[in-house]
Amino acid sequence: MAPELIGKRLVRRLDGRRLSGLIVEAEAYMGSEDPASHAFRGQTPRNRSMFGPPGHLYVYRSYGVHFCANVVTSEEGEATAVLLRALEPIDGTETMRRLRGLDEVRLLCSGPGRLCQALGIGLEHDGTDLLGEEIVVEEGEASPRVIATTRIGLTVARDRPWRFVLAGSRFTSRGVVN
DNA sequence: GCAAAGATCCAG
DNA sequence: TGGATCTTTGCT
């Protein structure tokens with residue numbers, strides 16, 4: 001499900017404004033089969049939304065400082081999710097700049113924590129239904145070229161090629177991949 | 001109850 | 001390269 005999200009458009013409605021961006025980077029976390037997944041050791045209070053129905057958000061705090069947002073992609077009871085890691089900003093870049101306290105567009109959403117800050121996503125969005133009003137995934141590029149690489153920031157299961165990036169994008173969290 | 005690690009970001 | 005910052009988890 002992670003590669004399918006690349007090239008789609010993430011839309012966030014905030015105070016009547018529309019913020020959106022093209023999803024250019026995402027990572028898959030394969031639930032109980034994946035030592036790097038928060039769900040590997042079973043359900044806990046923090047990760048319970050990952051075990052819920054698909055199409056909902058799993059948001060958690062990272063390193064005590066940032067928030068990271070995942071799309072749940074498996075049926076209820078399983079816990080496969082896709083971490084949204086980077087967007088190419090499209091609509092609402094002025095609002096994103098304000099929320100990020102930063103001018104440079106390339107850096108507004110180029111990382112999971114940055115993306116959440118730019119879109120105003122926090123723990124209150126844990127469990128949010130992506131078919132609702134606040135946060136939605138829309139169609140984007142017709143046939144994006146997607147490249148698979150290894151995931152970032154892990155101490156285990158580093159060999160699995162479950163990070164997906166839009167080929168040639170300058171808006172990823174690391175350098176351009178072709 | 002406590003200790004350790006963590007799907008990060010930014011400054012120096 | 002290291003510090004900030006703090007929650008979650010697992011073990012004693």
Side-chain angles (χ1 to χ4, degrees), chain A residues 1-6 8 10 12 21 23-52 54-74 78-89 93 96-128 130 135 137 146-166 169-177:
Chain A
M1 287 302 288
E4 285 82 354
L5 279 175
I6 302 296
K8 287 194 166 46
L10 185 67
R12 160 82 164 125
I23 300 172
V24 298
E25 178 178 350
E27 287 177 352
Y29 287 86
M30 305 299 283
S32 58
E33 302 170 21
D34 182 359
S37 170
H38 289 172
F40 184 59
R41 289 175 187 79
Q43 185 171 345
T44 65
R46 172 173 70 155
N47 66 23
R48 73 189 154 73
S49 53
M50 249 199 298
F51 288 82
H56 289 238
L57 228 44
Y58 163 50
V59 182
Y60 67 92
R61 188 189 296 274
S62 172
Y63 293 92
V65 183
H66 303 99
F67 300 115
C68 296
N70 300 251
V71 178
V72 178
T73 57
S74 54
E78 298 181 37
T80 298
V82 177
L83 171 67
L84 300 173
R85 289 194 53 93
L87 305 179
E88 174 180 342
T93 54
M96 293 185 195
R97 283 195 174 103
R98 177 169 54 76
L99 290 171
R100 291 271 294 121
L102 190 89
D103 216 41
E104 174 62 54
V105 177
R106 199 174 52 83
L107 299 178
L108 288 180
C109 302
S110 58
R114 293 167 169 175
L115 177 160
C116 283
Q117 189 183 19
L119 297 187
I121 294 175
L123 285 186
E124 67 272 27
H125 297 102
D126 186 35
T128 295
L130 293 175
I135 305 170
V137 177
V146 180
I147 310 231
T149 75
T150 53
R151 296 177 291 183
I152 291 177
L154 305 185
T155 55
V156 295
R158 294 165 126 160
D159 54 319
R160 292 153 170 83
W162 291 341
R163 170 178 177 249
F164 303 91
V165 300
L166 181 64
S169 175
R170 304 164 32 240
F171 295 88
T172 53
S173 63
R174 299 285 174 91
V176 176
V177 182

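Order of the sequence lines fixes the chain letters, A, B, ..., with proteins taken first and strands second; residue numbering starts at 1 for each chain.
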For the CZ atom of A:Phe164 and the CE atom of A:Met1, what is their distance to the nearest 0.5 Å? 12.0 Å
I need the CZ-P distance between A:Arg114 and B:dA7, as an integer number of Å. 18 Å
Just the rounded figure in Å: distance from C1' of B:dC10 to CG of A:Leu108. 15 Å
Heavy atoms only, 4.0 Å cut-off, all strands: where does A:Leu83 land among base, sugar-phosphate and nothing? base
In whole Å, what is the span from the CD1 atom of A:Ile121 to the C1' atom of B:dT8? 16 Å
Checking all strands, does A:Arg85 fall into the base, sugar-phosphate, or nothing category for heavy-atom contacts under 4.0 angstrom? sugar-phosphate
Among side-chain atoms of A:Glu25 and A:Ser173, is any donor-acceptor pair under 3.5 angstrom? yes
Counting primed atoms, P, OP1 and OP2 as sugar-phosphate and everything else as base, the B/S/- map of nucleotides 3-12 of chain C against protein heavy atoms under 4.0 Å is --BBSSSS--
State the CG-CD1 distance between A:Leu115 and A:Ile121, to the nearest 0.5 angstrom. 6.0 Å
Watson-Crick or G-U pairs under 3.5 Å in DNA chain B, rendered as dot-bracket with [ ] for crossing pairs and | for another strand: ||||||.||||.
Tell me if a side-chain donor or acceptor on A:Glu78 pairs with a main-chain N or O of A:Gly31 at a distance below 3.5 Å. no
Output the rounded distance in Å from CE (A:Met30) to P (B:dA7). 17 Å
Strictly distance-based, threshold 3.5 Å: is any side-chain N or O of A:Asp126 a donor or acceptor partner for the main-chain N or O of A:Asn47? no
Give A:Ser173 one of three labels, base, sugar-phosphate or nothing, depending on what nucleic acid heavy atoms sit under 4.0 Å from its own. nothing
To the nearest 0.5 angstrom, please state how far the CG atom of A:Leu108 sits from the CD atom of A:Gln117. 9.5 Å
Side chain to side chain contact (heavy atoms under 4.5 Å, CB included) evaluation trace for A:Asn70 with A:Val82: CA-CA 5 Å; A:Asn70 300 251; A:Val82 177; 6.0 Å; no
Distance, rounded to the nearest Å, where A:Glu27 contributes CD and B:dT8 contributes P: 7 Å
Starting at CZ of A:Arg158, measure out to CZ of A:Arg151 and round the result to the nearest 0.5 Å. 11.5 Å
Between CG on residue A:Leu5 and CG on residue A:Leu10, distance to nearest 0.5 Å: 9.0 Å
Could you tell me the separation between the CZ atom of A:Arg100 and the P atom of B:dC9, rounded to a whole number of Å? 8 Å
Are A:Tyr29 and B:dA7 stacked, counting the six-membered base ring, centres under 5.5 Å, planes under 30°? yes
Using a cut-off of strictly less than 4.0 Å, decide whether A:Thr155 has a side-chain nitrogen or oxygen near OP1 or OP2 of B:dA5. no
Under 4.0 Å between any heavy atoms, over every strand shown, what does A:Arg163 touch: base, sugar-phosphate, or nothing? Just pick one. nothing
